[in-house]
Structures are given as C-alpha cells and as structure tokens.
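Comments concern the structure below.
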Protein chains: 2
Amino acid sequence: MNLKRLQAFRAVYETGSVTAAARRLHMTQPAVSRLIGDLEKELGLQLFARQRQRLVCTEDGRSFFHEAERALAAVDQIVDIARDIRTLKGQQF
Amino acid sequence: MNLKRLQAFRAVYETGSVTAAARRLHMTQPAVSRLIGDLEKELGLQLFARQRQRLVCTEDGRSFFHEAERALAAVDQIVDIARDIRTLKGQQF
DNA sequence: AAATCTTACGGGTGACGTAACGATC
DNA sequence: GATCGTTACGTCACCCGTAAGATTT
C-alpha cells in the first residue's frame, strides 16, 4: 500500500476528474492517472468507470473511499501530533 | 510521510530491537535502521534512545506510537476491505 | 480544435542488500 | 569473538514530467 495512491484516489473522488485532482496535488495529469491505475491494479478493483472523458466512481470505489478517508485522516493526524510534540518540547526551554 | 517507516517503527517498538524487527519485516538490519532514522529526521523527534545495544523508546516515541498504531490499523483495514469486496464480487457469479 | 484520459519514454531520486565499522556483551 | 546498530557504497526499481496518441465535446 502507498499513501500517494490513496491521496490521489481521494482527490479524484472528490473532484471527479484527473485534471482537477492533478491541480490540487500539484502534479501532472499523467502522474495522477498512473497512481489511480496502479491502485486499482494493486487492489484488484475497478474504482472508477471510464465514461466519456470523466471518471465515474463505481460502487466498489465508494465502498473503498469510506475506509481510505479514515486511513488518510489518521495519517494526517500523525503529522499534527508530531508537530505538537515538537512545539511542546520547544516551550520547555 | 511513508507507510514503510511507520511499519518499521511499529516493529521496532514492539520487538525492542532492530534485528527482531528486520526478521519480522523480512528485511535486513541496515534497511530497518535507516527507516527509523529517516522517520526521526522527518518528524524532528527522537523516537528511540540509543543505549548500549538496544533502542529504548523515548517519551516522544510512546506518544507518537499511539497515533501511528491507529493509522496503521486503518491502512491494514483498507487491504482487508478490498479483499472483502473482491471476495463478494467473486461470489456473485 | 480544444480538452480529457492514457501510454511511451528518458531522467533523477530513493530504497534495498552487501560490505565494513564501532560498540557492547 | 559474537552480536547489535550504524554508515558507506553500488545497484536497481520506482516515480515523475515531457511528449505523443486516442477519444470526446
């Protein structure tokens, strides 16, 4: 598993397009497209249905998103906690 | 942030040694040692105190571990969920 | 034709294992 | 001297951006 892939998935899920997700992530479209494809291959699930020029989230994608968001939130919290600890340390002097 | 670093941290925390953690992770000792060092550098925190031939978890390390474990559990759950979805799909046929 | 997603390709960064070193039991 | 953790070094895979292709509006 890989955090970047999860972050890309969240961005595409929320924006509904690879282009918008790439903008949010400060990346190019091909890079985001690959991350999604790699994640689908790793999971063995089709998270998005390629219809026309848009990626429509599948039923599996929606089920997966709920859990993925929890994991990403937990990881984000880790960084916050670390910063809090550092700040606390700094105040001790 | 990086999942491998967190997994290495958990393994060292629970086993109390780099060697045991490396065995559990199917990696070499230097690789695990680097992951721990990289994580500490990234967080700006000293997670373990190098005493004698053992790594003793610091106060900061213990505080951080609680949150890290939650994140890792959430990630582990993702994989499980994905497998469940695949299994369910398979049963539909 | 402009926009979107995907695939191909080359370059740079990072991770790993082996080897070597210092310290401890 | 055996074990443990760290550092050095060479190699290899992975990830990204640019370029090119296919499809849609």
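Within every chain, numbering begins at 1; the chains are lettered A, B, ... in the order of the sequence lines, protein sequences first and strands thereafter.
For the segment residues 39-63 of chain A, residues with any heavy atom less than 4.0 angstrom from an atom of DNA chain D are, sorted by number, A:Arg52, A:Gln53.
Residues B:Leu35 and B:Leu39 form no side-chain contact, since every pair of their non-hydrogen atoms from C-beta on lies 4.5 Å or further apart. Between B:Leu6 and B:Met1 there is a side-chain heavy-atom pair separated by less than 4.5 Å.
Without hydrogens or angle criteria, B:Ser33 side chain to B:Gln29 main chain gives no donor-acceptor distance under 3.5 Å. No donor-acceptor distance shorter than 3.5 angstrom exists from the side chain of B:Arg86 to the backbone of A:Leu45, with no hydrogens or angles considered. The backbone N or O of B:Ile78 sits nowhere less than 3.5 Å from a side-chain atom of A:Arg70 that would complete a donor-acceptor pair.
To the nearest 0.5 Å, atoms CZ (A:Arg5) and CG (A:Leu3) are separated by 11.0 Å.
Here A:Phe48 and A:Phe9 bring their ring centres to under 6.0 angstrom of each other.
Between B:Thr28 and C:dC16, a side-chain N or O to OP1/OP2 separation shorter than 4.0 Å is absent.
Think of the region where chain B sits on DNA chain D: with heavy atoms and a 4.0 Å cut, that region ends 5' and 3' at D:dT3 to D:dC9.
Minimum heavy-atom separation, A:Gln46 to A:Thr58: O-OG1, 2.7 Å. Looking at every heavy atom in both residues, A:Ile85 comes nearest to B:Ser63 through CD1-CB, 3.8 Å.
A 6.0 Å sphere centred on CZ of A:Arg54 holds no more than 12 heavy atoms belonging to other residues, nucleotides or ligands.
At whole-Å resolution of the value, CD in B:Gln7 and P in C:dA15 are 13 Å apart. When rounded to the nearest whole Å, the span between CD of B:Gln29 and P of C:dC16 equals 14 Å.
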For nucleotides 8-13 of chain C, list the nitrogen or oxygen atoms of the protein found under 3.5 Å from its nitrogen or oxygen atoms, one pair per line.
residue	atom	partner	partner atom	Å
C:dA8	N6	A:Arg34	NH1	3.2

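Each of A:Arg5 and B:Thr19 was matched to the nucleotide of DNA chain D holding its nearest heavy atom; the match closer to the 5' end belongs to B:Thr19.
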